[in-house]
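Quick note: numbers below take in every heavy atom, side chains included, and nothing from hydrogens, waters or symmetry partners.
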Amino acid sequence: MVREVSESCLDSVVKEMVSCYCNVFYADKPDLAARRIEAIGYQLGFQLSERYTMERPPFNDNLEAIKFICKDFWSNLFKKQIDNLRTNHRGTFVLQDNKFRWLTRMSIDSSADNGSSVEDNSAPAAENKTSHAINMHLYFPCGILRGALSNLGIPCAVSADISNLPACSFVISIKA
């Protein structure tokens, strides 16, 4: 029997976790909030990777492990494979999801902090706040990827690029 969690429940838990860490626990320390959110994702990714690879033989190289992440791991998490995988063959991989589920469902009301007044000089501030909120939400999946790869014996750094929303690119830099 396959055990699954409702997507709406998972979305709510992730949004509430990010909100609590950013607005309650570490409201004046966004760097610490980001590290905590990423650490929770790391632990989850580590455990999920352990579960999903229990019956598999070890991977021969980094590319094979990254392909597993793109196909099997991502499919188990998001019910679809990564849309595009690129590499420079020197330890950097870019995983692109053209419609990242957690970003397509986000709605950020920029007028809530502006008192519902629309002024020309408030647009950059609202854009910056929106970008910051999206980036805080992306620390969690970056942590999931880093934890999964760490469990597979691949120490790395993971960052996210959101220059073309709702597409999201995850940049994995493997440490030598």
Side-chain angles (χ1 to χ4, degrees), residues 7 10-11 14-15 17-18 21-22 26 29-106 108 124 127-176:
E7 284 187 53
L10 181 62
D11 285 348
V14 171
K15 286 177 188 175
M17 175 195 61
V18 171
Y21 274 94
C22 293
Y26 302 107
K29 300 175 185 171
D31 291 341
L32 187 54
R35 285 200 314 261
R36 296 288 189 186
I37 293 166
E38 198 265 350
I40 293 168
Y42 177 90
Q43 187 65 36
L44 177 65
F46 195 92
Q47 291 175 352
L48 287 174
S49 177
E50 190 171 296
R51 176 175 287 180
Y52 297 153
T53 58
M54 197 178 311
E55 307 279 321
R56 298 180 72 103
F59 296 108
N60 295 328
D61 61 354
N62 292 345
L63 182 58
E64 193 176 316
I66 296 289
K67 285 181 180 179
F68 162 77
I69 294 293
C70 292
K71 292 179 180 178
D72 299 331
F73 189 80
W74 206 259
S75 293
N76 284 327
L77 283 177
F78 298 107
K79 307 295 182 234
K80 67 179 273 252
Q81 294 181 4
I82 283 287
D83 295 310
N84 192 6
L85 168 63
R86 294 183 313 234
T87 182
N88 67 356
H89 299 288
R90 288 184 227 130
T92 302
F93 297 89
V94 179
L95 286 60
Q96 184 170 356
D97 190 332
N98 292 332
K99 209 169 185 182
F100 187 52
R101 279 194 151 133
W102 289 352
L103 294 182
T104 59
R105 295 192 181 126
M106 280 186 70
I108 298 173
E127 243 178 66
N128 190 23
K129 185 172 181 157
T130 300
S131 177
H132 176 71
I134 290 171
N135 283 328
M136 292 306 283
H137 279 83
L138 288 174
Y139 281 110
F140 188 63
C142 286
I144 291 173
L145 286 171
R146 192 172 72 82
L149 289 167
S150 179
N151 187 39
L152 299 176
I154 303 173
C156 63
V158 180
S159 61
D161 176 30
I162 54 167
S163 58
N164 193 16
L165 290 174
C168 184
S169 298
F170 295 94
V171 180
I172 299 170
S173 302
I174 296 176
K175 298 175 183 176

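- For S150, the side-chain contact (heavy atoms from CB on, under 4.5 Å) partners two or more places apart in sequence, or in a different chain, are Y42, F46.
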Starting from the C-alpha separation in whole Å, work towards a yes-or-no answer on side-chain contact (heavy atoms from CB on, under 4.5 Å) for N98 and N84.
CA-CA 8 Å; N98 292 332; N84 192 6; 5.7 Å; no
Please table the atom pairs, donor to acceptor, closer than 3.5 Å between any side-chain atom in residues 63-75 and protein atoms at least two apart or in another chain.
{"unit_1": "D72", "atom_1": "OD2", "unit_2": "R56", "atom_2": "NH1", "d": "3.0"}
{"unit_1": "W74", "atom_1": "NE1", "unit_2": "D97", "atom_2": "OD2", "d": "3.0"}
{"unit_1": "S75", "atom_1": "OG", "unit_2": "K71", "atom_2": "O", "d": "2.4"}

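- Once rounded to the nearest 0.5 Å, the distance linking OG1 of T87 with CD1 of I172 reads 9.5 Å.
- Here the straight-line distance linking atom CD of Q96 with atom CG of N164 works out to 7.5 Å at 0.5 Å rounding.
- Under the rule for a side-chain hydrogen bond (donor to acceptor under 3.5 Å, both in side chains), the partners of D83 that lie at least two apart in sequence or sit in another chain are K80.
- Of all heavy-atom pairs between N88 and R90, the closest is OD1-N, 2.8 Å.
- Between atom CD of residue Q43 and atom CG of residue N151 there is a gap of 10.0 Å, rounded to the nearest 0.5 Å.
- Among all heavy-atom pairs drawn from M136 and A33, the shortest one is CE-CB, 3.9 Å.
- Listed by chain and number, the residues in a side-chain contact (heavy atoms from CB on, under 4.5 Å) with I40 are M17, Y21, F140 (sequence neighbours excluded).
- Between I174 atom CD1 and I154 atom CD1 the span is 5.0 Å, to the nearest 0.5 Å.
- For the atom pair I162 CD1 and N135 CG, the distance stands at 4.5 Å (nearest 0.5 Å).
- Among residues at least two apart or in separate chains, there is no salt bridge (Lys or Arg N to Asp or Glu O under 4.0 Å) pair with a member in residues 166-175.
- Pairs engaging residues 34-50 under the salt bridge (Lys or Arg N to Asp or Glu O under 4.0 Å) rule: E38-R146 [sequence neighbours left out].
- Remark: D161 engages no residue in a salt bridge (charged side-chain N to carboxylate O under 4.0 Å, His left out) (not counting sequence neighbours).
- Using a 4.5 Å heavy-atom threshold, the side chains of C156 and F93 count as separate.
- Residues satisfying the side-chain contact (heavy atoms from CB on, under 4.5 Å) test with C142, not counting sequence neighbours, are V158, A160, F170.
- Listed by first and then second residue, the salt bridge (Lys or Arg N to Asp or Glu O under 4.0 Å) pairs that reach into residues 165-174 come to none, sequence neighbours excluded.
- In this structure, the side chain of T53 engages the main chain of S49 through a donor-acceptor pair within 3.5 Å.
- In this structure, the side-chain contact (heavy atoms from CB on, under 4.5 Å) partners of P166, at least two apart in sequence or on a different chain, are K99, T104.
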